2 protein chains.
Amino acid sequence: MGVMERVATRTKKAAAKAVVAPVVPLEADRLIQGDCVAEMRKLPDACIDMIFADPPYNLQLGGDLFRPEGGRVDAVDDAWDKFDTLAVYDKFTRDWLTEARRILKPNGTIWVIGSYHNIFRVGTSLQDQGFWILNDIIWRKSNPMPNFKGTRFTNAHETLIWASQGEDARYTFNYRAMKTLNDELQMRSDWVIPICSGQERLKRDGTKAHPTQKPEALLYRILLACTKPGDVVLDPFFGTGTTGAVAKRLGRRWIGIEREDKYVEVALERIEAALPLDESALTTMQSPRQQPKVAFGTLVETGMIAPGTVLSDTKRRWKAVVRADGSLQCGDESGSIHGLGAKLQGAPSCNGWTFWHVDGKDGLKPIDTLRQTYLLANED
Amino acid sequence: MGVMERVATRTKKAAAKAVVAPVVPLEADRLIQGDCVAEMRKLPDACIDMIFADPPYNLQLGGDLFRPEGGRVDAVDDAWDKFDTLAVYDKFTRDWLTEARRILKPNGTIWVIGSYHNIFRVGTSLQDQGFWILNDIIWRKSNPMPNFKGTRFTNAHETLIWASQGEDARYTFNYRAMKTLNDELQMRSDWVIPICSGQERLKRDGTKAHPTQKPEALLYRILLACTKPGDVVLDPFFGTGTTGAVAKRLGRRWIGIEREDKYVEVALERIEAALPLDESALTTMQSPRQQPKVAFGTLVETGMIAPGTVLSDTKRRWKAVVRADGSLQCGDESGSIHGLGAKLQGAPSCNGWTFWHVDGKDGLKPIDTLRQTYLLANED
DNA sequence: TGTTCAATTGAATCTTTCC
DNA sequence: TGGAAAGATTCAATTGAAC
């Protein structure tokens with residue numbers, strides 16, 4: 001069964017449910033104590049906007065979390081045990097991803113972080129289940145732990161996978177906010193962020209409260225990039241609640257699932273202390289795509305551009321006359337600002353707003369500036 | 001059958017052979033034309049010191065992609081990169097890795113490069129076959145292709161996996177050489193290397209000879225780190241022979257397998273022209289040390305400046321509020337620290353780092369001091 | 001000969017809306 | 001549901017022409 005088919009089925013099911021019973025608003029901003037798969041099973045279909053998951057990965061570290069029941073492992077069984085451990089880990093991954101996929105909205109996205117011990121298993125499982133990978137992101141640690149024995153390269157990064165429910169999903173990506181955050185350059189797939197230390201690192205009785213606490217800066221960027229204010233973010237491996245703390249700060253709602261008493265206690269205390277940003281600080285730069293649309297014809301109608309005005313490109317290679325209906329004419333050719341621009345250049349497409357200019361005292365300026373003026377004057 | 005057991009079995013077999021017949025030196029420094037699996041099958045067990053593999057990525061591209069200015073992206077659309085399903089790709093991966101594992105010496109290592117399209121499949125298959133991952137390495141491209149449509153993060157890296165035959169293998173790692181190459185700091189798992197372009201990029205009839213030629217700097221570092229002079233390096237997806245050319249330069253022996261006539265021809269010509277390395281060339285191969293660069297948004301993410309903070313210029317003529325994405329707002333105007341500064345002053349440009357100030361007990365101080373503080377705290 | 005500017009290009013899973 | 005139209009979108013490096 002294809003991916004989109006599954007999404008469609010789920011949507012239909014959710015719609016049918018809505019007819020039978022009134023939609024109950026999802027209870028958010030809460031920590032659920034329990035096993036992540038069992039607790040996700042209790043959540044309704046398609047109720048989550050984004051999932052951030054930091055699953056355990058003690059594969060090559062000799063951990064016992066996924067070791068099958070049985071007697072002591074000796075040297076002879078070592079390789080067999082390893083293979084079996086992989087299979088057990090894969091099943092664990094499939095199980096929680098299956099539930100994650102069910103409760104995630106059709107246009108929601110999932111983030112998973114891991115290291116080379118587990119990230120290849122996770123990525124494969126994501127693809128096998130029909131998730132569509134959008135990016136793999138490298139968290140490059142500015143201050144990693146050195147390799148003390150000099151036996152390998154310093155393990156200085158972790159990998160995150162960002163995926164949608166399928167190829168055609170319309171996911172949230174706040175492109176402009178990311179570009180602004182990165183000094184007006186596109187945000188790249190490699191992020192330099194310090195590890196969590198100093199004041200930010202939570203302590204209990206003088207020692208670190210959690211072995212793998214993630215820096216808030218990491219979650220900050222993820223939530224700012226891929227959610228809108230008010231969205232519901234789920235973290236099935238909540239730990240000390242970095243996801244919840246940042247979500248609260250950024251005006252997103254959150255649900256955390258965590259099994260261990262000691263982490264639950266630390267997380268609740270921490271999130272209680274987190275301060276939400278006020279609304280004006282939460283405003284981010286918007287892509288034109290997200291702004292209200294203005295037709296070129298509206299500018300003509302409202303008199304901002306008079307019919308008969310001559311437009312040209314930056315190099316004044318072409319001139320066109322504005323007609324009463326907002327179309328342009330250049331010799332025998334005519335069309336919309338976009339269509340004529342494309343036709344004249346022989347290009348497959350053209351953004352007329354930036355291509356065409358009006359002559360003013362300060363030289364040529366793109367007609368897009370007139371649109372911006374119009375938008376400012378007509379804000380509601 | 002367990003992994004380590006298999007390795008042991010092979011070693012015993014090889015030893016038995018040596019008694020029956022004198023060891024025939026492996027014929028190296030040669031290009032074998034043909035299918036990689038079929039040709040690897042003809043090689044004896046445990047004869048290769050290192051394998052570098054750049055398999056097809058299975059990019060699964062859709063239609064054409066156009067640049068903002070109208071040009072068409074010259075994408076990888078070769079038949080060799082197309083696989084019907086993930087299952088087909090997985091089988092392909094298993095098949096060539098099986099042969100790779102057989103011909104690799106017990107203490108040899110394998111390197112595989114890929115992108116998020118295929119690297120998770122490759123990593124999973126490596127682990128399933130008993131390979132032991134030593135590092136995943138990130139090739140951070142200093143000059144990647146941008147994301148033209150603003151739909152995702154710029155795909156600015158590729159991933160390499162470095163693995164041994166098993167947990168207890170005694171692999172080659174030239175720790176000291178790597179540390180020297182990296183200005184007396186341990187070599188990290190993220191490598192900044194430019195993409196292959198300019199003089200180094202091989203051309204045929206004015207266009208690129210191969211769509212995915214790898215930079216020699218990448219292979220240089222790999223071969224220097226993980227092989228000894230005289231070692232035999234096999235590249236089963238030889239392409240234009242970057243591996244062969246660098247191996248020759250570094251005094252390593254090489255075997256390349258390539259199917260396509262056109263690549264074979266280019267590779268042979270290229271390697272013929274490659275010169276063994278003289279001492280002076282060694283220093284020029286280093287990638288330039290990365291400039292420490294901090295975006296204003298980083299200071300916001302890491303909490304050095306809270307969203308909502310008010311900034312002003314030295315004369316307090318303008319005040320602006322910091323927003324969540326690192327943009328500034330002043331009345332109706334907003335933009336980056338540089339852009340808004342320029343806009344308010346009516347200047348063509350503005351250095352926001354020195355223009356904007358935060359109010360402290362000691363009066364105003366430029367936000368650039370915060371950047372300096374950040375850099376000091378996060379030095380490598 | 002040096003400097004500036006325009007054009008080109010690189011493993012890319014690259015739009016949205018309306019009819 | 002598919003096709004047409006509207007609208008939005010790029011960074012670093014290299015090369016070669018123009019000055």
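Note: hydrogens, waters and symmetry copies are ignored here, and every other heavy atom, side chains too, is used. Labels below follow one simple rule: chain letters A, B, ... track the order of the sequence lines, proteins then strands, and each chain is numbered from 1. The shown structure was predicted, so the numbers you read here are calculated from the model rather than taken from an experiment.
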Would you call the rings of B:Phe120 and A:Phe120 parallel, tilted or perpendicular if under 30° counts as parallel and over 60° as perpendicular?
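Tilted: the ring planes of B:Phe120 and A:Phe120 meet at 30° to 60°.
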
query = Which class fits the ring pair A:Trp318 and A:Phe355: parallel under 30°, tilted 30 to 60°, perpendicular over 60°?
reply =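 Geometry flag for A:Phe355 against A:Trp318: tilted rings.
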
ask   = Given side chains that start at C-beta, do those of B:Val122 and B:Tyr89 come closer than 4.5 Å, heavy atoms only?
value =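 Side chain of B:Val122 against side chain of B:Tyr89, heavy atoms only: contact under 4.5 Å found.
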
- Do A:Trp139 and A:His157 have side-chain heavy atoms sitting under 4.5 Å apart?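 The answer is no, as the side chains (C-beta and beyond) never meet within the 4.5 Å cut-off.
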
Between [X] and [Y], is there a side-chain N and carboxylate O pair less than 4.0 Å apart?
X	Y	answer
B:Asp74	B:Lys208	yes
B:Arg94	B:Asp90	no
B:Arg204	B:Glu269	yes

Identify which nucleotide among [options] has an atom closest to any side-chain atom of [X], counting heavy atoms from C-beta outward.
X	options	result
B:Asp81	C:dG10, C:dA11, C:dA12	C:dA11
B:Arg201	C:dG10, C:dA12, D:dC11	C:dG10
B:Arg67	D:dC11, C:dT13, D:dA6	D:dC11
B:Trp80	C:dA11, D:dA6, D:dT9	C:dA11

Sticking with atom [atom1], work out how far [N] lies from [M], rounded to a whole angstrom.
N	M	atom1	value
C:dT1	D:dA18	C1'	14 Å
C:dG10	D:dT10	C1'	12 Å
C:dC18	D:dA8	P	13 Å
D:dG7	C:dC14	P	23 Å

Could you state the atom-to-atom distance from [atom1] of [X] to [atom2] of [N] in whole Å?
X	N	atom1	atom2	value
A:Asp168	D:dG2	CG	P	11 Å
B:Asn58	C:dA12	CG	P	15 Å
A:Glu184	D:dT10	CD	P	10 Å
A:Leu134	C:dA12	CG	P	17 Å
A:His338	D:dG7	NE2	C1'	5 Å
A:Ile337	D:dG7	CD1	C1'	9 Å
A:Asp136	C:dA12	CG	P	14 Å
B:Leu202	C:dA11	CG	P	13 Å

Quick tally for nucleotides 14-19 of chain C: nucleotides whose base has a protein heavy atom under 4.0 Å get B, sugar-phosphate-only ones S, the rest -, giving BSSS--

Hey, does [X] reach any base, or is it just sugar-phosphate, or nothing, if we go heavy atoms under 4.0 Å?
X	value
B:Pro215	nothing
A:Asn182	nothing
A:Tyr175	sugar-phosphate
A:Lys179	sugar-phosphate
B:Arg72	nothing
B:Thr212	base

Under 3.5 Å, N/O pairs linking protein and nucleotides 13-15 of chain D:
{"residue": "D:dT15", "atom": "OP1", "partner": "B:Gln199", "partner atom": "N", "Å": "3.4"}
{"residue": "D:dT15", "atom": "OP1", "partner": "B:Gln199", "partner atom": "NE2", "Å": "3.1"}

Given Watson-Crick and G-U pairs under 3.5 Å, DNA chain C in dot-bracket ([ ] crossing, | other strand) is .|||||||||....|||||

| task | For this output row, return yes or no: ring centroids of B:Phe238 and B:Tyr263 closer than 6.0 angstrom. | result |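 No, ring centres 6.0 Å or more apart.
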
May I ask you to evaluate whether [X] reaches the phosphate of [N], defined as a side-chain N or O under 4.0 Å from OP1 or OP2?
X	N	value
B:Tyr116	C:dT13	yes
B:Lys141	D:dC11	no
A:Arg188	D:dA12	no

Is the charged tip of [X] near the ring of [Y]: under 6.0 Å from the six-membered ring centre and within 45° of its axis?
X	Y	value
A:Arg101	A:Phe131	yes
B:Arg371	B:Trp353	yes
A:Arg140	A:Trp191	no

If we ignore hydrogens and angles and just use 3.5 Å, is the side chain of B:Glu258 paired with the main-chain N or O of B:Glu260 as donor and acceptor?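 Yes, because the side chain of B:Glu258 sits within donor-acceptor range (under 3.5 Å) of the backbone of B:Glu260.
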
message: Using the rule side chain to side chain contact (heavy atoms under 4.5 Å, CB included), only one of B:Asp77, B:Thr212, B:Val76 pairs with B:Leu59; which is it?
response: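 Only match with B:Leu59 under side chain to side chain contact (heavy atoms under 4.5 Å, CB included): B:Val76.
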
Quiz item: Which sits closer to the 5' end of DNA chain D, A:Ala295 or A:Gln186, going by the nucleotide each is nearest to?
Solution: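 Residue closer to the 5' terminus by nearest nucleotide: A:Ala295.
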
